[in-house]
Amino acid sequence: MKAVAVFPGSREVRVVERDAPRIAQPDQVMLRMLDIGICGTDKEICSFEYGTPPPGDDHLVIGHESLAEIVEAGPAAGRLRPGDLVVPSVRRPCPHPGCRACRLGHQDYCYTGDFSERGIKEAHGFMTEYVVEHERYLNLVPPDLRDIAVLAEPLTIAEKALEQIFWVMRQRPPWLDPETPGEERGRGLSALVLGIGPVGLLGAMALASSGFTTYVYSRELPPSPRIDLVEAIGAEYVSSQAVTFADLAEKIGNIDLIYEAVGHSHFALAALRVLGTNGIFVLTGVPGLQAFVEADPARLMREMVLKNQVLLGTVNAGPDAFASALADLGEFRRRWPAVVRTLIAGRYPPEQAPDLILGRPAGIKSVIAFDAPA
Ligand SMILES: [Zn+2]
Ligand SMILES: [Zn+2]
């Protein structure tokens, strides 16, 4: 069977032939991979900045955003059956008995760093025809989400952040009532999204559908399909090439939430200066090596204390975030059917993966499908 793999030693990315996997343990299932999404992490891996093959292998099969169909289930796989659609999670637990996070099934909070991640770190990924996986790492997908469920994994970033944001809001005045319907939890509050890539856009959709008055701030200038998308979901786009942070803060008023999805430290630091009273700042981007800048840490610290601010970093996601992401994809389609139709830029055969990964992203999300016409 075919797979798309990166060879860090020889610095190559190409389609390879591999043996099809077999079910070896009773709780495993065989997956036929339907859609595999491409993202910035794949670009970093294929630029050899990141990504580690499994021990003993010279290559890593890439792909971590996916949708699959179960084609065979082991005798102890009781929850899922052939024909079911699933989205696999990405991170697998570390082996250390003392890691309380991993031992509780929350490897997204792993303490040791010795986890593996499919398609990223020491475990082959999903950009291949068949995969064998333990049932417990799979999230069941409603059949009517077949065309968009590949977006669930990138949406889990926002969902895990929102779980924590709403938890914090429940602990602080005016105390968000846990019974508040999903679409009203952000009512009366402003959210500023930094970045207009897939994580930023999916985050903006999640925030707007939770009732936040949502702004998206990035370098891009119109015309752009991404800016059109922001406007189509009832959020407002502001370009950093036209409006400064100070003017943006003046326009928005108290900025209650900043959701960073760029991975640029200078930009994030500038944004922290305009975070409002009782504001929550969520960081999701992973910056590479960047130039040093002068900062005024005393001012940042003073503001954070005097304004009761929260700074929250978040990575990866657990089963609750996957369930929320799948529920929200259905909600997005009910609210914005025309927008949702534009999210997937196209489905392409695996031979085109290297160019798509390393080229400039077109549209919102490009997807590899092994049955796509060449
Ligand atoms: Zn990704
Ligand atoms: Zn761990």
Side-chain angles (χ1 to χ4, degrees), residues 4 6 13 33 35-47 49-52 60-68 87-128 134 136-137 139 148-161 195-203 205-206 259-263 283-288 314-319 321-322 325-326 329 343-345 348 353 356-359 361-368:
V4 180
V6 60
V13 187
M33 303 313 296
D35 284 340
I36 306 98
I38 288 174
C39 81
T41 302
D42 298 310
K43 185 169 188 164
E44 286 171 6
I45 294 171
C46 293
S47 312
E49 292 169 27
Y50 207 68
T52 321
L60 171 73
V61 175
I62 60 170
H64 57 276
E65 305 179 0
S66 72
L67 169 70
V87 169
S89 65
V90 177
R91 192 178 282 187
R92 300 292 171 264
C94 78
H96 304 288
C99 181
R100 287 184 295 162
C102 286
R103 300 294 70 79
L104 290 169
H106 264 292
Q107 47 271 21
D108 55 321
Y109 288 93
C110 177
Y111 283 94
T112 68
D114 290 339
F115 53 79
S116 58
E117 286 176 335
R118 294 206 70 152
I120 302 174
K121 179 178 182 281
E122 294 161 17
H124 287 307
F126 303 126
M127 203 174 284
T128 182
H134 294 283
R136 62 181 173 279
Y137 300 130
N139 303 280
I148 51 172
V150 67
L151 297 167
E153 197 281 336
L155 178 58
T156 59
I157 315 260
E159 299 292 352
K160 178 174 169 180
I196 198 167
V199 173
L201 288 173
L202 289 167
M205 293 175 84
Y259 181 79
E260 181 279 333
V262 182
L283 293 161
T284 77
V286 183
T314 182
V315 69
N316 206 263
F322 275 90
L326 289 163
L329 285 176
L343 291 176
I344 308 260
Y348 306 93
L356 287 165
I357 292 167
L358 293 167
I364 314 294
K365 179 65 72 183
S366 292
V367 169
I368 299 300

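Counting begins at 1 with the first residue of the sequence. Just so you know, ligand 1 is whichever comes first in the structure, and atom 1 is the first atom listed for that ligand.
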Can you find a pair of side-chain heavy atoms, one from R92 and one from C102, that are under 4.5 Å apart? no
Would you find a donor on one side and an acceptor on the other, under 3.5 Å apart, between the side chain of E44 and the backbone of S47? no
Taking the side chain as every heavy atom from C-beta outward, state whether C99 and Y111 have any atom pair closer than 4.5 Å. yes
Can you tell me if K160 uses its side chain to pair, donor with acceptor, with the backbone of G318 under 3.5 Å? no
Do E153 and H64 have side chains that get closer than 4.5 Å, going by heavy atoms? yes
For the Zn ion (ligand 2), decide whether H96 has an N, O or S atom at a distance under 2.8 Å. no
Looking at H64, the N, O or S atom sitting nearest the Zn ion (ligand 1) is NE2
When you draw lines from the Zn ion (ligand 2) to SG of C99 and to SG of C110, what angle lies between them, to the nearest 10°? 120°
Once rounded to 10°, what is the value of the angle centred on the Zn ion (ligand 2) between C102 SG and C94 SG? 110°
Only N/O/S atoms count here: what is the atom of E65 closest to the Zn ion (ligand 1) called? OE2
